[in-house]
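Written out below as structure tokens is the structure these notes cover.
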Amino acid sequence: MASVSSQPQFRYTQPPSKVLHLRNLPWECTEEELIELGKPFGKVVNTKCNVGANRNQAFIEFADLNQAIAMISYYASSSEPAQVRGKTVYLQYSNRQEIVNNKTTADVAGNVLLVTIEGEDARLVSIDVLHLVFSAFGFVHKITTFEKTAGFQALVQFSDTETASSAKNALDGRSIPRYLLPEHVGPCTLRITYSAHTDLSVKFQSHRSRDYTNPYLPVAPSAIDGNGQLTVGLDGKKLEPESNVLLASIENMQYAVTLDVLHMVFSAFGPVQKIAMFDKNGGVQALIQYPDVQTAVVAKEALEGHCIYDGGFCKLHISYSRHTDLSIKVNNDRSRDYTIPNNPVVNSQPSILGQQPVSGMGPTVQYNGAPFTTTPEQPAMPQPSAGWGPGVPPMHQSMPMQMHNNPYMPPGTMLPQVAPGMMQSSIHSGMPQSSMLPPYGSGQMR
DNA sequence: AGCACA
């Protein structure tokens, strides 16, 4: 008897087993493909795919040992190697006699994905970036993020399993496109499994959890009181807590910026409830109130640093206000409550305000995505730049991420806007291929 | 291209 312990770990001939070990698989390999591969030789009773660190190994278990032997024998003498998606697959008997399928929740498809963000700077990936990335595949209902021993993780809830699966198939193992991350942030790779959850519980909108189905969900108290982590942004800089009320200051105000111009500009992102203008530090500032935080976030991201008029005039600087509900005592040319239909207009420009069909405006009004359903008159002063003009959605060109969580855009029309030049091809093809996702780094680095 | 528990 030769000593067993001196045997090398991998021998060229394993003792037969009805379980086969497969290697060099494409990492996208599915259970179905394994079954297809084994079917000609017998009944495949169990499989396990995406095994190993590179997810390029798998196991096939046949009902009968002879079937496994048939498959090994066939490919041992075949001139054509076994292939999956054009890749040569190497087969051998497994050193185990059956597949132990710890079929955990991670393998059972569901509408909620468990996303692990890998990388040095994983925790610097914002919930907004995650939302943007996953929105390319369908309406994202909710996202929660948290830190576990596994690292920085997120749960992403879709409407259904199919949408979740398409996102998982396209994104698992891929890296978040560089241009979505701050410059100094290193590569962040997504590892995705299914979660057992079907409906996440999001109590507040915060920097770590969002409910995109409920625009009226209150902002987390913890996000308001400046409690450590929640207020630290991508740069490690302090973030102001998000708010449904924006504070806009206007730089280089060569032209008068009227209440109506502001209303027009800010209405592009959702219903504006109230605006109050006032003078501060020799300039003009305005508070703009939306019904919900998300809309304000979108408007802020889209408008910050942009000019209302061409030529660098009336540059907007936007921050979050600590207000949540403005007190508008009277409607005039400096302040207005659009939620009150018949508020008397004092000292204003009736030719403009009087024509605004504002009676329907309010938190519950349906906003159809066209920026100006309540088309105001042209402002008395120069036309706002083309990008902001009436009827022209102000989202294109230089603003990569603006409308991504606008609750007023139906999900279907969101998709193409969500990630310009990024993932449209995979959206429409339904069967994403790695070559169709250029911005994503391959999961296999060599 | 080389054996699974997440």
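Just the heavy atoms: all of them, side chains too, but no hydrogens, waters or symmetry mates, feed the values below. Below, chain A is the first sequence line, B the second, and so on; all start at residue 1.
Heavy-atom distances to DNA chain B give each of Tyr93(A) and Cys49(A) a nearest nucleotide, and the one nearer the 5′ end belongs to Tyr93(A). Toward the 5′ end of DNA chain B lies the nearest nucleotide of His21(A), the other residue of the pair Ala150(A) and His21(A) mapping further downstream.
In this structure, the CG atom of Asn101(A) is 13 Å from the P atom of dA6(B), given to the nearest Å. Rounded to an integer number of Å, the gap from NZ of Lys48(A) to C1' of dA6(B) is 9 Å. Atom CD of Gln97(A) and atom P of dA4(B) are 15 Å apart (whole Å). If you measure from atom CG of Leu190(A) to atom P of dA6(B), you get 21 Å, rounded to the nearest angstrom.
The ring pair (Phe, Tyr, Trp, His ring centres under 6.0 Å) check on Tyr75(A) picks up Phe41(A), with sequence neighbours excluded. Under the ring pair (Phe, Tyr, Trp, His ring centres under 6.0 Å) criterion, Phe59(A) pairs with His21(A), not counting sequence neighbours.
For Asn24(A), whose side chain is taken as the heavy atoms from C-beta onward, the closest listed nucleotide among dA1(B), dA4(B), dG2(B) is dA1(B). Nearest to the side-chain atoms of Tyr90(A) among the listed nucleotides dA4(B), dG2(B), dA1(B) stands dA1(B).
Between Glu61(A) and Lys43(A) there is no salt bridge, since no side-chain nitrogen of the basic residue lies less than 4.0 Å from a carboxylate oxygen of the acidic one.
For dA6(B), neither phosphate oxygen OP1 nor OP2 lies less than 4.0 angstrom from any side-chain nitrogen or oxygen of Arg191(A).
Residues Tyr212(A) and His141(A) keep their aromatic ring centres 6.0 Å or farther apart.
Here Phe59(A) lies parallel enough and close enough to stack on the base of dA4(B), with planes under 30° and ring centres under 5.5 Å apart.
Nucleic acid contact for Glu98(A): base, since at least one base atom lies under 4.0 Å from a heavy atom of the residue.
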